[in-house]
Amino acid sequence: MTRIPEGFQPHTRKSGFTAPWEPIYHRPHDNGISLGLHAGEAHANSRGFVHGGLLSALCDNAMGLSCLPHLEDSTLPPLKGLVTVNLNLDFLGSARVGQWLEFRAEVTRTGRSLSFASATVLADGEPCARATGVFKVQRGSGDKP
């Protein structure tokens with residue numbers, strides 16, 4: 001069993017998209033959440049580097065999840081979720097199979113219709129990517145997105 005850093009718990013928000021990458025962990029912090037996982041073969045390209053698509057997807061996930069608690073407002077229609085409007089990712093280095101990856105997201109600003117966040121990806125504590133995201137706030141009832 002590989003050691004999980006202190007404070008990380010199994011991530012309970014599951015999806016079919018992230019299921020092949022399990023187990024994924026989460027840890028809340030003051031202005032957002034971190035997602036984490038041990039990089040394995042399922043996360044890597046043929047050269048043993050963690051694929052940029054995984055880094056992008058989990059940054060997007062962590063940033064959106066970080067924004068949600070800041071949007072609860074009983075005076076507005078119910079919150080249905082967030083949709084990614086823009087996602088930027090800069091690669092600062094590489095992550096490799098066997099490393100612990102932390103996707104540390106922080107809320108930058110929230111408003112009635114848009115939320116903004118940033119994230120840093122750490123591979124064994126060293127930055128390997130950074131991201132920013134803009135998310136459209138969806139409110140209301142019914143089945144329409």
Side-chain angles (χ1 to χ4, degrees), residues 1-74 76-140 145:
M1 177 88 180
T2 308
R3 190 179 88 68
I4 307 303
E6 186 175 336
F8 277 91
Q9 300 294 322
H11 187 51
T12 57
R13 189 163 175 149
K14 309 289 184 187
S15 78
F17 182 68
T18 59
W21 302 333
E22 292 289 346
I24 298 173
Y25 300 87
H26 79 277
R27 176 174 67 187
H29 54 83
D30 288 343
N31 195 31
I33 68 159
S34 288
L35 295 178
L37 58 79
H38 285 285
E41 296 298 326
H43 310 117
N45 61 26
S46 61
R47 294 170 299 186
F49 294 111
V50 175
H51 197 282
L54 176 113
L55 299 179
S56 177
L58 289 179
C59 280
D60 180 58
N61 196 311
M63 289 188 294
L65 290 172
S66 291
C67 289
L68 285 173
H70 295 267
L71 297 168
E72 297 300 327
D73 185 339
S74 62
L76 296 173
L79 181 63
K80 288 175 56 178
L82 297 172
V83 174
T84 306
V85 173
N86 182 271
L87 178 67
N88 290 304
L89 185 69
D90 298 316
F91 297 99
L92 309 173
S94 59
R96 300 200 56 100
V97 169
Q99 291 185 301
W100 172 258
L101 303 182
E102 179 179 353
F103 301 82
R104 185 175 177 83
E106 304 217 356
V107 176
T108 307
R109 186 176 71 210
T110 58
R112 288 178 66 96
S113 62
L114 295 174
S115 289
F116 302 81
S118 64
T120 301
V121 182
L122 304 166
D124 285 343
E126 294 296 319
C128 68
R130 64 180 174 212
T132 57
V134 180
F135 302 88
K136 173 74 175 142
V137 179
Q138 295 189 314
R139 293 190 181 277

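Both backbone and side-chain heavy atoms feed into the values below; hydrogens, waters and symmetry mates do not.
Judged as a salt bridge (charged side-chain N to carboxylate O under 4.0 Å, His left out), not a single pair has a partner in residues 60-69 (not counting sequence neighbours).
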> Hey, mind stepping through Q138 and L82 against side-chain contact (heavy atoms from CB on, under 4.5 Å) and telling me if it holds?
Replying inline: CA-CA 6 Å; Q138 295 189 314; L82 297 172; over 6 Å; no
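The side-chain contact (heavy atoms from CB on, under 4.5 Å) search around S15 returns F17, T18, not counting sequence neighbours. In this structure, E126 has no salt bridge (charged side-chain N to carboxylate O under 4.0 Å, His left out) partners at least two apart in sequence or on a different chain. Remark: D90 engages R130 in a salt bridge (charged side-chain N to carboxylate O under 4.0 Å, His left out) (not counting sequence neighbours).
At least one side-chain heavy atom of K136 sits less than 4.5 Å from a side-chain heavy atom of L114. Inter-residue side-chain proximity for L92 and P127 is flagged as met; some heavy-atom pair is nearer than 4.5 Å.
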Listed pairs under 3.5 Å, donor-acceptor, residues 98-109 side chains, sequence neighbours left out:
from : atom 1 : to  : atom 2 : distance (Å)
Q99  : OE1    : R96 : N      : 2.7
E102 : OE2    : R27 : NH2    : 3.2
E102 : OE2    : S34 : OG     : 2.7

Could you go through residues 45-56 and list every donor-acceptor pair under 3.5 Å that involves a side-chain atom there, pairing it with any protein atom two or more places apart or in another chain?
from : atom 1 : to  : atom 2 : distance (Å)
N45  : OD1    : R47 : N      : 2.9
N45  : OD1    : G48 : N      : 3.3
N45  : OD1    : F49 : N      : 3.1
H51  : ND1    : G53 : N      : 2.8

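Listed here is the closest heavy atom pair of A42 and P20: CB-O, 4.1 Å. Residues G111 and V137 approach most closely at O-CG2, 4.2 Å, considering heavy atoms. In terms of heavy-atom proximity, L89 sits nearest to A129 at CD1-CB, 4.1 Å. Pairing each heavy atom of S115 with each of T110, the nearest pair is OG-CG2, 3.5 Å. Nearest heavy-atom pair across R112 and R139 is O-NE, 4.5 Å.
For the atom pair W21 CH2 and L35 CG, the distance stands at 11.0 Å (nearest 0.5 Å). Atoms CG and NE2, from L58 and H11 in turn, are 8.5 Å apart once rounded to the nearest 0.5 Å.
Just one residue in the list N86, T84, V85 forms a side chain to side chain contact (heavy atoms under 4.5 Å, CB included) with F135, and that residue is T84.
In this structure a side-chain-to-backbone donor-acceptor pair under 3.5 Å is missing from H70 to C67. In terms of modelled atom types and a separation under 3.5 Å, the side chain of H38 and the main chain of V97 share no donor-acceptor contact.
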